[in-house]
Visitor: 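Sharing a structure, written as structure tokens. Questions coming.
So you know, we letter chains A, B, ... as the sequences are listed, proteins then strands, and number each from 1.
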Amino acid sequence: MLEIKNYSFIYPNGKKAVNNLSLEIKSGDLFAFIGHNGAGKTTTIKSIVGILDFTDGDIVVDGVSVKENTIKCKKEMAYVPDNPDLYNSLTGIQYLNFIGDIYRISVNDRKEKIEYYAHQFELYDDLKSSISSYSHGMKQKLALIAAFMHSPKLLVMDEPFVGLDPKATYIVKQMMKEFCENGGAIFFSTHILEVAQKLCNKIAIIKEGKLIVQGDMEEITKDNSLEDVFMELIEDV
Amino acid sequence: MYNIFKLTQVYFKNFIGSLIKNNKNPKFYIGILICVFLSLFITLTFTFNSISSTMIFVEYANKGVVNAEHMAMYVNCTMAILMLLFVTIMRSVMPSKSSDNDSLLSMPITKMEITIAKSLYNYVIDFVLFVSILLPSFIVYVVMVKNASWLIVVRGMILVLMLPLLSNGLATFIGILTQKIATKMKNYSIVQTIIIIILTGGYLVANFSIQGYLTNLVGTVDEIKNKIWLLKVLLEFILEGKIIGYSLIGLLIISVYVLGLIVTKKQLGKLDIKDAHKKSKIYYKLNSPFKSMVKKEIKQYFNTPTLVINTILGGVIYFGMCVGFCILGPNKIMSFMQTVPLEIEISIDAVLIMILTLIISLFNITGTSISLEGKTFWIIKTTPLSHLTICFSKVAANLVLTGITCLISYPFVLSFIDLQYFWGFLLIPFVSTIVSSTMGIIINLNFPKMEWDKEEVVVKTSLSALLSFFLPILFIALPYLIYIVEISKYCNLHVFMLVNLMYLIVLIMIMVLWINTKGKKMLDKVMNS
């Protein structure tokens, strides 16, 4: 579903943010992308979803190169940023209709999905209100509804649990599991290692732009906690 | 005092830092050069205007009209009042709640210190504006009028020092009043925008009324001077140094400013209830991605009062002029035009089409539309929208607004033009807005400013905003300049309008081609930067 091949990213000031990263995420995978602040997680994610241009390496989504056909790739995936800045001049429902229009979701389909997800997140009544009146968590919920709404094959998330209340966090985790069980793939970054260990079947850890380890969660952690494994790995390298 | 100084210093450092952030890019220097050139051009235009008006009154004085030269200063003082009104309206639009308020309030700084620092920063910015336009006119007066003392410049500067105090003080009250009214309504920003449009219209009416009043003045200079108390006091202070009346005005200005500071301080830390009452129905409607983007652009436009006030003036003046010309009728317009000392004979329709085209072209919202995406730019970058949809939906939103303005103005246009030229009046102004809006996108792609905390940073101080205001006008005005200076004698107006239309279409085609080829790269670069 997602292949990252020898991907590197160099900032305009010459600093290498990511160095020769290669990863493969298959359908059904719930893939955690772990690393310290400034390790290159967000840069990688932004390149996958088409925000940042890159020259070295390639990123392939469902068999299509992001470099060659960005629009086709974008149709197959959804992105949830760590800090969801949304259009403050729109109401929640106006924003979701806007996303629905861009992905050409039929009226019946969008009605069904919006109502389902908005009730799940207890956001239905607030959809009538302006986004400018939303809290961080409400914006995060709205961004999640917009992401799930068009049934993407690949979901890319940057710190999806930041700002969510405990109930919403639980619902998101359930939705993520369900999404992958139904054949979708999720690639997400997080600093909450306990959640990553319980939720994910695959993991990759990077440090200063270089991949330290990747593979099955169980094989990497064995009987240890992910936190211990992570601390050990980043101190060794 | 130390905190105020430090905070003001930070504001200026931040302002300068935002200007020189991309100083390694050669385009940055070109942009800066163009801006310096345009600023000089504006200052020089006002200076030349001042020279010509002073020259006329000095000639009257030489012919024996007693104190005729004082009328030159009368005009300068009128200009000061008009500028004061303009700056006040502009300031009153700015949001009262800054993004740094929360962090400042959590620091060991008093509310009054924060208020004064912000106010000082605004004061200096306005002061530079007043000085660059009014100071040359005072110098011109002293240089051109016999026996005029340089103390006039000093007293003129004292007036200039007071004006930003008043504009800031008044703007605080207007801003708070607007906020109070708007928050009671459903759509805060849109109501605020409507109030601004009304204020802008009021300013234009005041401007035209004062201009009309000045041209219709009769009587001796002393009689004219005594007609308006405020102008009389200002004149007496600047020309003769009489301070009693001026001290009263000064006291009033300082009181308004201090009261403004106290009210602003009281507002600090209050909850922002913006849009709290806004509720709409939950609906599901299918639109094409392009139409949905256009709708989003228009909604965003009317929810950004700072942008509205900076751009809508062109549309409001265009409509106002069409109505005004309709009321005046062709004969009065003709007789008014004959008072303009031009050696070239050109038809009234040629002048009218030029004026209307240039004015509606100022209604350009695309010059900052990409920058205004700011932190929300990720949305259109991660959704399957082509760069053409993104760019042209912004142009289309601009055309919806200018199109509506043109449409509602056409019935009035019909009443004051020669009907054989109606096709030109119908097409040329609108096609010119396609040029200005498409050029706005290109300029913004070349000079984006994606990191900002308040819209006013983009709308008022970005290179893109300045360039997109002037550059399209230069391109659109070019054929008219050639026509007026060179070819009006042997070129039929129909032929000129046809050639002009073709020129505009060629410009549009070149720009569309540029967006189609280089636009994608530039749009990708915007995010990478």
Visitor: Tell me, side chain or backbone of Tyr95(A) under 4.5 Å from chain B's heavy atoms, or both, or neither?
Guide: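 For Tyr95(A), side-chain heavy atoms alone lie under 4.5 Å from chain B.
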Visitor: Quick check on Lys285(B) against chain A: is it the side chain, the backbone, both or neither that has a heavy atom closer than 4.5 Å?
Guide: backbone
Visitor: So how far is it from Asn88(A) CG to Lys375(B) NZ, rounded to the nearest 0.5 Å?
Guide: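 Those atoms lie 11.0 Å apart.
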Visitor: Are any of the side-chain heavy atoms of Thr91(A) and Ile282(B) separated by less than 4.5 Å?
Guide: no
Visitor: Specify the closest pair of heavy atoms between Asp101(A) and Ser292(B), including all atoms of both residues, with the distance to one decimal.
Guide: OD2-OG, 2.7 Å
Visitor: State the NZ-NZ distance between Lys46(A) and Lys381(B), to the nearest 0.5 angstrom.
Guide: 11.0 Å
Visitor: If I take atom CG from residue Leu385(B) and atom NZ from residue Lys74(A), how far apart are they, to the nearest 0.5 angstrom?
Guide: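 If we round to the nearest 0.5 Å, Leu385(B):CG and Lys74(A):NZ are 8.0 Å apart.
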Visitor: Is there side-chain contact between Ile93(A) and Tyr284(B), with at least one heavy-atom pair below 4.5 Å?
Guide: yes
Visitor: Identify which part of Leu96(A) has an atom lying under 4.5 Å from any heavy atom of chain B, answering side chain, backbone, both or neither.
Guide: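 No part of it gets close to chain B.
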Visitor: Hey, is NZ on Lys67(A) packed in by over 12 heavy atoms from elsewhere, all under 6.0 Å?
Guide: yes
Visitor: If you define the side chain from C-beta out and look only at heavy atoms, does anything of Leu86(A) sit under 4.5 Å from Trp378(B)?
Guide: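 Sidechains of Trp378(B) and Leu86(A): in contact.
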Visitor: Please report the closest heavy-atom contact between Leu286(B) and Ile105(A), naming both atoms and the distance.
Guide: CD1-O, 3.3 Å
Visitor: Nearest 0.5 Å please: distance from the OG1 atom of Thr383(B) over to the OH atom of Tyr79(A).
Guide: 12.5 Å
Visitor: How far does CG of Asn303(B) sit from OG of Ser130(A), to the nearest 0.5 angstrom?
Guide: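 Asn303(B) CG to Ser130(A) OG: 7.5 Å, rounded to 0.5 Å.
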Visitor: Are Lys299(B) and Leu90(A) close enough that some pair of their side-chain heavy atoms sits under 4.5 Å apart?
Guide: yes
Visitor: Is there side-chain contact between Tyr283(B) and Lys128(A), with heavy atoms separated by less than 4.5 Å?
Guide: no
Visitor: Please assess Ile379(B) against Ile99(A) for the test side-chain contact (heavy atoms from CB on, under 4.5 Å), listing each intermediate value before the final yes or no.
Guide: CA-CA 9 Å; Ile379(B) 299 170; Ile99(A) 296 294; 4.2 Å; yes
Visitor: Could you tell me which non-hydrogen atom of Asp85(A) sits nearest to which non-hydrogen atom of Thr376(B), and how far apart they are?
Guide: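 Answer, listing the atom of Asp85(A) first, then Thr376(B): O-CG2, 3.5 Å.
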Visitor: In terms of heavy-atom pairs under 4.5 Å with chain B, which of His150(A), Arg110(A), Lys75(A), Arg104(A) leads?
Guide: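 The residue among His150(A), Arg110(A), Lys75(A), Arg104(A) with the greatest pair count is Arg110(A).
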Visitor: Taking all non-hydrogen atoms of both residues into account, name the closest pair between Ile71(A) and Pro384(B) and its distance.
Guide: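 In terms of heavy atoms, the two residues are closest at O-CB, 3.7 Å.
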Visitor: Would you say NZ of Lys210(A) has more than 12 non-hydrogen atoms from neighbouring residues, nucleotides or ligands within 6.0 angstrom?
Guide: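 For Lys210(A), atom NZ is not crowded (no more than 12 foreign heavy atoms under 6.0 Å).
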